[in-house]
Structure formats: structure tokens, C-alpha cells
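Side chains are part of it too, since the values below use all heavy atoms of this structure and drop only hydrogens, waters and symmetry mates. Ligands are counted one by one from 1 in listed order, and the atoms in each one are counted from 1 as well. These figures come from a predicted structure and were not determined experimentally.
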Amino acid sequence: MLKGKDIINTSQFSLQELNLIMNTAANFEKQVKDGKIIKNMEGQVVAALFFEPSTRTRLSFETAANKLGARVITVANAASSSATKGESLADTIRTVDGYVDVIVIRHPMIGSAQIAADNACHPVINAGDGAGQHPTQALLDIYTIRKEKGVLGSHTVTFVGDLKYGRTVHSLGYFMALYGNKMIFVSPKSLQMPADIATDLRSRGAEIEETDDLQKALTVSDIVYVTRIQKERFEDPAEYEKVKGAYILNRSTIKKSKPGITIMHPLPRIDEISTDVDDYEGAAYFRQAHNGLYIRMALLALVSGRV
Ligand code: CP
């Protein structure tokens, strides 16, 4: 169903495809935990092209490829590639496409993953295109919600923080709408969810409330998805200073929230979740990061037709 396909944004998926990805991830998770040697991608090569910093996405993709028996070639930062000599993204991709079987790309420009896909014969996976989309993060997010909550629909989910530049919430919003969840967007006025995305989500039937009152939202939320203020995307550092630290979750915030609330964060965090929350049983963010390995194993195996 996904063989040969590019993974560019979350609006591309059907429910059937999402079920396939999550069930494949669960199967790989069991095999990894059982200590099985997995060879689905033996003989294949995956390119991990990261023109922006990453810890989780790059390392979990590389681990996923290794666990599937593939080999990996990596650009771990833009400075180490010929992009610094002025080579176009299209030319870079045409070149790498001749070496590998799957291309994973993170790039600061919105739309870069689509440009890569347009210039590659092999499948391209978007690992984050600027402030655009981060579909593999959203896939691991719904895999996490399924594991933490048992079901993917009928939740009230609060997104808090930088909803303007935070690509993870842009991506996850589409899945939350697809599964029939209510969303509450909490942010400073200058970092609200882009109007085109909010409008698109509403046109897909999503129930959305927008507010700046986090504590009130948390009293009715089953899940809170916290995001970092994306300092690197601000053109004016003074604007960042105005909003940094706008929303911070701590143990006392959680005590006043809906009982059983699940706390998610794509990470890295700066100060938006205090470390005193880490031992709260609903703090799912490190489990969430670990789930990325299985989702990325599933994606690599599925797009390369090796499962
Ligand atoms: N969540 C996420 O994309 O983390 P990295 O930037 O470390 O890859």
C-alpha cells in the first residue's frame, strides 16, 4: 500500500494506511523487544540528509535502518555538504538518489521535502521541512496516544506553545481531526496556529477552541501536547524575548488538571515542562521519543516494499 510512496505531510494518509503503519510498528516493536535479528532491508542503503540539527529524528531513523539490516549514509549538518558551495537541493537529491534506496531529509525550507520528492526516483521521507510539516513525528505521536490511552479518538487535546512555527502541531492537527478529537490551541497571540491550517482543519470537521488560558484548558483535557518556542525561526530576537517562558507546566499545574492527563512533547524541551513533572505517570514524552524507533522502522520497511 505504501511501497514506493513519499511521506511528505499528514494530510496524505488514509485511515487504512495509518492502521498499517501502526500495526507494522507494533510488530517491529515486539521483534526488537524479543531480541530478534531483523533483515527486512538487508542490502539496502538509506540516506539521512539533515540540513538542520536533530537528535531524535536522525538517530532514530539511523537506528531504525540499522535494525532492519540496511546501511546508512548521513549528512549530519549542512556545513558538511556541497550545499555550502551553492549546490541546489534538486541537484543534491538527484545525486544522492543514485546511491540509495530511501532518502530521509530534514531541511530549513518549507516545501523542501516535496522538492526532494520531485527530484528522486526513490521514496523520500520528510523529517521536518522548516516550519512546515513533521509527519513522522505525528505518526509516532498517534502511536504513543494509542499506547497510552488505548484509543485514538474522542479525546480533548490541548496544543500549547509555539503553534505558529511548531511543525509538529501542524502535522498532528490533521491526525487529531481525522480521528475525531476536539482540539484546544493555547498560545501567545503572536504564535497562534496559522490561519490557513486552522481553517483547513475546521473544514475537515475538527472542533477547535483557541485561548490563551492554559490552566482552564487543562481542566478539560485528556492530553496536553507541549511545544518549545522555536527560537531559531524568529527573525527578530526581541520578539522571542517577549514570548519565551510564556507557558510552563509544572507539578502544581498538573495537580489542577483533569485527572489522568497525558503529557506529550516532541522534545527537545527547554523550560516549558519542569523536570518535577518527569516522574508523573502520565508524563509520556520520553516513551514518545522511544516510540519513534518503531514507527521509523515501519516507514522505512513499508516505503521500500520490504514488509
Ligand atoms: N522531535 C524532534 O524532531 O526532535 P529532533 O529535533 O531532536 O529530531
Side-chain angles (χ1 to χ4, degrees), residues 7-10 21 25 46-67 72 74-81 102-113 116 124-145 147-148 157 159-176 191 223-234 240 249 262-273 277-278 283-300:
I7 307 294
I8 305 297
N9 61 61
T10 47
I21 294 166
V46 174
L49 308 181
F50 280 70
F51 299 97
E52 268 196 337
S54 169
T55 296
R56 281 145 288 275
T57 312
R58 182 169 70 81
L59 296 180
S60 62
F61 260 118
E62 292 190 7
T63 307
N66 281 310
K67 287 211 177 276
V72 182
T74 300
V75 170
N77 62 74
S80 70
S81 85
V102 181
I103 296 172
V104 178
I105 181 168
R106 171 171 289 189
H107 193 282
M109 185 176 67
I110 293 177
S112 51
V124 169
I125 301 179
N126 181 5
D129 60 329
Q133 281 260 328
H134 195 350
T136 71
Q137 175 70 46
L139 286 164
L140 75 87
D141 293 339
I142 58 170
Y143 187 63
T144 301
I145 292 171
K147 285 170 78 175
E148 298 285 327
V157 184
F159 290 169
V160 58
D162 185 348
L163 309 188
K164 178 180 179 183
Y165 297 118
R167 58 193 171 200
T168 62
V169 286
H170 301 168
S171 290
L172 185 57
Y174 284 90
F175 288 158
M176 293 298 90
L191 296 178
I223 298 165
V224 56
Y225 192 96
V226 187
T227 63
R228 172 179 68 89
I229 308 284
Q230 309 270 305
K231 183 179 181 182
E232 66 277 21
R233 311 243 182 256
F234 283 73
Y240 170 73
L249 256 77
T262 296
I263 303 168
M264 299 177 68
H265 191 310
L267 303 179
R269 75 170 150 187
I270 307 303
D271 58 1
E272 56 281 354
I273 300 178
V277 177
D278 293 357
Y285 29 94
F286 288 107
R287 295 192 288 276
Q288 184 184 349
H290 296 160
N291 287 333
L293 172 61
Y294 311 116
I295 280 291
R296 288 170 176 135
M297 287 178 78
L299 288 171
L300 289 172

task = Taking only heavy atoms of Q137 into account, list the atoms of ligand 1 that are under 4.0 Å away from them.
result = 1 (N), 2 (C)
ask   = Which is it for E52 and R233 under the salt bridge (charged side-chain N to carboxylate O under 4.0 Å, His left out) test, yes or no, and what are the steps along the way?
value = CA-CA 12 Å; E52 268 196 337; R233 311 243 182 256; 2.8 Å; yes
query = Does the side chain of F159 come within less than 4.5 Å of I223's, by heavy atoms?
reply = no
query = Do E148 and R287 touch side chain to side chain, with heavy atoms closer than 4.5 Å?
reply = yes
query = For atom 6 (O) of ligand 1, which protein heavy atom lies nearest, and how many Å away is it?
reply = R106 NH1, 2.9 Å
request  = For atom 4 (O) of ligand 1, grab the closest protein heavy atom and report residue, atom and distance to one decimal in Å.
outcome  = R56 NE, 3.1 Å
query = Given T55, L59, T57, which one has a non-hydrogen atom that is nearest to atom 7 (O) of ligand 1?
reply = T55
Nearest atoms (heavy-atom pairs only) where A64 meets L293 = N-CD1, 3.5 Å
message = Would R58 count as being in polar contact with ligand 1, using the rule that some N or O on each side must be under 3.5 angstrom apart?
response = no
L267, T144, I145, I263 screened by side chain to side chain contact (heavy atoms under 4.5 Å, CB included) with Q288, the one that passes = T144
message = Checking contacts here: is it the side chain or the backbone of L267 that comes within 4.0 Å of ligand 1, counting heavy atoms only? Could be both or neither.
response = backbone
